[in-house]
Number of protein chains: 2
Amino acid sequence: MSEHEHPESENTSRPVRNITDLARLAGVSPGTVSRALAGKSLVNAKTREKIEALARQHGFRPNQMASKLRRQKTGVIGVAIPLGHDVHQQISDTFFMTLLGHLADELTDKGYDLMLRRVIPAQDEDWLDRFIGSGIVDGVIVIGQSDQFDRIEEIADGYLPMVVWGNHQEGQRHCVVGSDNRLGGKLAAERLIAAGARSLAFLGDTEPIEFAARFAGAKEIADRMSIPIRALPTHLSADRMNGEIAEHLSEIEGKVDGIFAATDAVAVACLRELRERGVSVPNSVKVIGFDDLPIASQTVPPLTTVRQDIAAGAKGLVDLLLRRLAGVDTESLVLPPHLIARETA
Amino acid sequence: MSEHEHPESENTSRPVRNITDLARLAGVSPGTVSRALAGKSLVNAKTREKIEALARQHGFRPNQMASKLRRQKTGVIGVAIPLGHDVHQQISDTFFMTLLGHLADELTDKGYDLMLRRVIPAQDEDWLDRFIGSGIVDGVIVIGQSDQFDRIEEIADGYLPMVVWGNHQEGQRHCVVGSDNRLGGKLAAERLIAAGARSLAFLGDTEPIEFAARFAGAKEIADRMSIPIRALPTHLSADRMNGEIAEHLSEIEGKVDGIFAATDAVAVACLRELRERGVSVPNSVKVIGFDDLPIASQTVPPLTTVRQDIAAGAKGLVDLLLRRLAGVDTESLVLPPHLIARETA
DNA sequence: TTTGTTATTGCAATCGTTTGCATTGGAATT
DNA sequence: AATTCCAATGCAAACGATTGCAATAACAAA
């Protein structure tokens with residue numbers, strides 16, 4: 001009935017809703033249309049062109065849901081950010097967000113889509129099972145172990161295509177990509193001591209294992225050199241952090257001359273507070289950060305810090321995940337951090 | 001074969017792959033299982049409990065792909081970040097990433113998932129059609145118009161559930177949420193002038209319309225007060241920006257005493273460069289930023305800036321989108337920016 | 001003319017849920 | 001005892017693309 005289509009213009013009598021409609025227009029079977037649009041080689045060149053032209057003309061695109069159901073794969077990688085310790089941390093956490101940006105690039109490159117989910121484990125017991133078990137994603141990248149190490153371990157036993165950004169523990173079962181935080185902590189402490197510090201402090205939350213490892217690394221060096229080191233716990237959300245830092249600084253005034261901040265963000269806040277108190281950096285107190293975010297080079301004085309290579313991390317996460325999707329049980333990947341010497345230590 | 005998995009609990013002879021398997025175990029029909037698991041009220045309480053228990057026991061979750069296909073909705077909102085002007089801008093753009101974080105929160109609250117796609121329009125003509133037309137998302141949020149204003153306009157004519165973060169143009173057809181950039185520009189210029197500046201400069205890329213509007217607003221005020229203002233174009237990627245800022249500052253030395261930076265990130269770099277040159281802020285030169293990112297309060301001296309309420313923006317985007325999903329053709333939402341007076345102007 | 005070969009295409013089952021409609025059984029009503 | 005009525009469930013047709021296998025046509029070889 002729909003005999004006289006308008007050859008030039010977009011709209012015709014009835015819209016083309018699915019592959020079958022298009023098949024009718026093209027005078028072929030749905031199967032052929034499917035093959036043509038999928039770019040398979042089993043279609044005659046002319047038929048293909050005709051079908052493609054028709055599809056373009058009607059702005060038709062095969063329904064992905066149907067395709068995914070039938071093929072039993074989604075082409076989507078889930079990215080989960082568990083917000084365990086500090087719900088508002090990651091909202092503004094430049095590091096995680098930058099990692100996310102790079103992940104998006106890498107995944108796009110490989111033809112995958114990215115589904116982002118921020119989860120609050122405390123409110124949602126089986127966030128990970130839900131994400132995995134519903135057939136909505138082909139694989140999962142978890143950004144940050146938060147306080148969910150054990151849960152992740154459990155899942156890892158029965159689910160291959162998962163890679164986690166975070167800290168590597170001896171003998172753990174899930175595949176992780178991350179910096180060697182302990183080494184980073186060592187580098188930081190060594191630098192502070194080499195710069196003349198004789199009493200150290202670690203400033204920041206020590207709960208998350210990444211940070212705990214940074215502290216442990218620093219402590220190892222400090223202990224070896226018989227130099228005291230203390231932990232000054234703070235929250236990581238911007239609003240609470242500033243006050244806590246101020247308190248700590250009051251408390252340690254004159255007693256500490258080398259501060260290792262858990263994060264560049266913490267270091268920046270610390271620098272500001274020190275300046276406000278008239279404490280000279282690096283003369284009276286040396287400061288070192290972690291991450292090497294863009295701000296690090298913009299502080300006054302420019303921040304000495306331990307760099308994590310975010311782009312390499314993202315690439316590692318994606319590469320390992322793809323290998324796991326192919327069935328390989330990959331090893332973890334630990335990236336070496338580097339000391340970036342600027343002027344605060 | 002897989003007989004002895006976990007002896008006490010989880011597994012039995014054959015795995016439960018779908019609703020039909022579960023129905024068989026429960027001694028009911030697939031339809032009933034579907035209704036029970038969906039929480040519909042048409043199921044006897046006892047039957048439901050039994051089914052839920054069974055599902056829990058076998059770790060079964062209904063396949064989302066099938067569900068989405070059948071129900072013709074995905075529960076997924078697409079978030080597209082077009083990278084037009086400067087491919088590497090947004091990777092590190094804290095503002096966009098923070099907005100994304102808030103979007104994720106809002107969408108999660110409303111029960112939607114978030115699919116992130118970073119697109120390079122230059123390499124991918126119909127990025128927007130592809131995203132929309134494949135039935136993969138129920139609606140789309142575009143973060144930043146970039147240089148894609150016209151394409152977005154085209155799409156908006158035939159596709160309701162789309163909301164865009166960006167600048168509002170007189171008479172535009174697509175629904176946009178964003179700050180009143182022109183007003184923000186005015187606030188900035190007024191402040192600089194009130195602080196004593198007599199020759200202004202706008203520092204940053206003026207190509208993207210958001211920034212162009214900021215400049216235009218500032219220019220309007222400057223013109224009205226008969227104060228000169230010039231544009232100093234820079235790229236927004238960190239690596240190129242610094243050098244360009246340095247050049248500009250050399251060029252305008254002594255000729256400009258009020259700098260309006262397109263972005264806090266630009267302002268921070270500018271402050272650092274000024275300090276390096278021994279130019280006193282705000283005495284010799286006044287500086288004002290835009291966004292009020294967390295860093296703004298951490299600079300030395302603390303940065304006076306124009307604040308955009310990111311959380312409100314995210315909420316607006318999601319609210320409008322949901323209304324559009326319900327079929328309402330909503331108006332745009334323009335949020336008023338606020339001057340945050342600190343010490344650089 | 002017959003047979004073999006190859007390149008295209010059609011056929012129909014399948015992926016796993018959802019949902020309108022029909023059916024059942026039991027309780028309530030007359 | 002007969003009739004209504006309702007809650008609970010079963011039945012089977014969608015949703016729209018993919019793909020193994022069979023069928024066809026076209027052409028070459030014998």
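Numbered from 1 within each chain, the chains take letters A, B, ... in sequence-line order. Fair warning: this is a prediction, and the values are worked out from it, not measured in the lab.
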Regarding A/Gln148 and A/Trp127, do their side chains bring together a donor and an acceptor under 3.5 Å, going by distance alone? yes

May I ask you to check whether B/Thr330 and B/Arg324 show a side-chain donor-acceptor distance below 3.5 Å? yes

Nearest whole angstrom, please: distance from the [atom2] of [N] to the [atom1] of [X].
{"X": "A/Lys73", "N": "D/dT19", "atom1": "NZ", "atom2": "C1'", "value": "15 Å"}
{"X": "A/Leu37", "N": "D/dT18", "atom1": "CG", "atom2": "P", "value": "8 Å"}
{"X": "B/Leu42", "N": "C/dC21", "atom1": "CG", "atom2": "C1'", "value": "13 Å"}

Net bend of the helix from C/dT1-D/dA30 to C/dT30-D/dA1, end axes of five pairs each, nearest 10 degrees: 50°

Are the side chains of [Y] and [X] in contact, using a 4.5 Å heavy-atom criterion?
{"X": "A/Asp105", "Y": "B/Arg118", "result": "yes"}
{"X": "B/Val142", "Y": "B/Trp165", "result": "no"}
{"X": "A/Val164", "Y": "A/Ile141", "result": "no"}
{"X": "B/Leu128", "Y": "B/Tyr159", "result": "no"}

Looking at [Y] and [X], is any side-chain nitrogen of the basic one under 4.0 Å from a carboxylate oxygen of the acidic one?
{"X": "B/Glu125", "Y": "B/Arg151", "value": "yes"}
{"X": "B/Arg130", "Y": "B/Asp124", "value": "yes"}
{"X": "B/Lys315", "Y": "B/Asp319", "value": "yes"}

Within residues 44-55 of chain B, which residues have any heavy atom lying less than 4.0 Å from an atom of DNA chain D?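 The stretch gives B/Asn44, B/Thr47 as the residues lying under 4.0 Å from the strand, ordered by number.
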
Phosphate oxygens OP1/OP2 of D/dG10: is one of them under 4.0 Å from a side-chain N or O of B/Ser29?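 So the side chain of B/Ser29 is within the cut-off, an N or O lying under 4.0 Å from OP1 or OP2 of D/dG10.
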
Checking B/Asp126 against A/Arg61 for the salt bridge (Lys or Arg N to Asp or Glu O under 4.0 Å) test, could you report, in this order, the C-alpha distance in whole Å, the side-chain angles of both residues, the deciding distance, and whether it holds? CA-CA 12 Å; B/Asp126 52 12; A/Arg61 299 178 200 281; 3.5 Å; yes

For every nucleotide of nucleotides 13-18 of chain C, 5' to 3': is a protein heavy atom under 4.0 Å from its base (B), only from its sugar-phosphate (S), or from neither (-)? BBBBBB

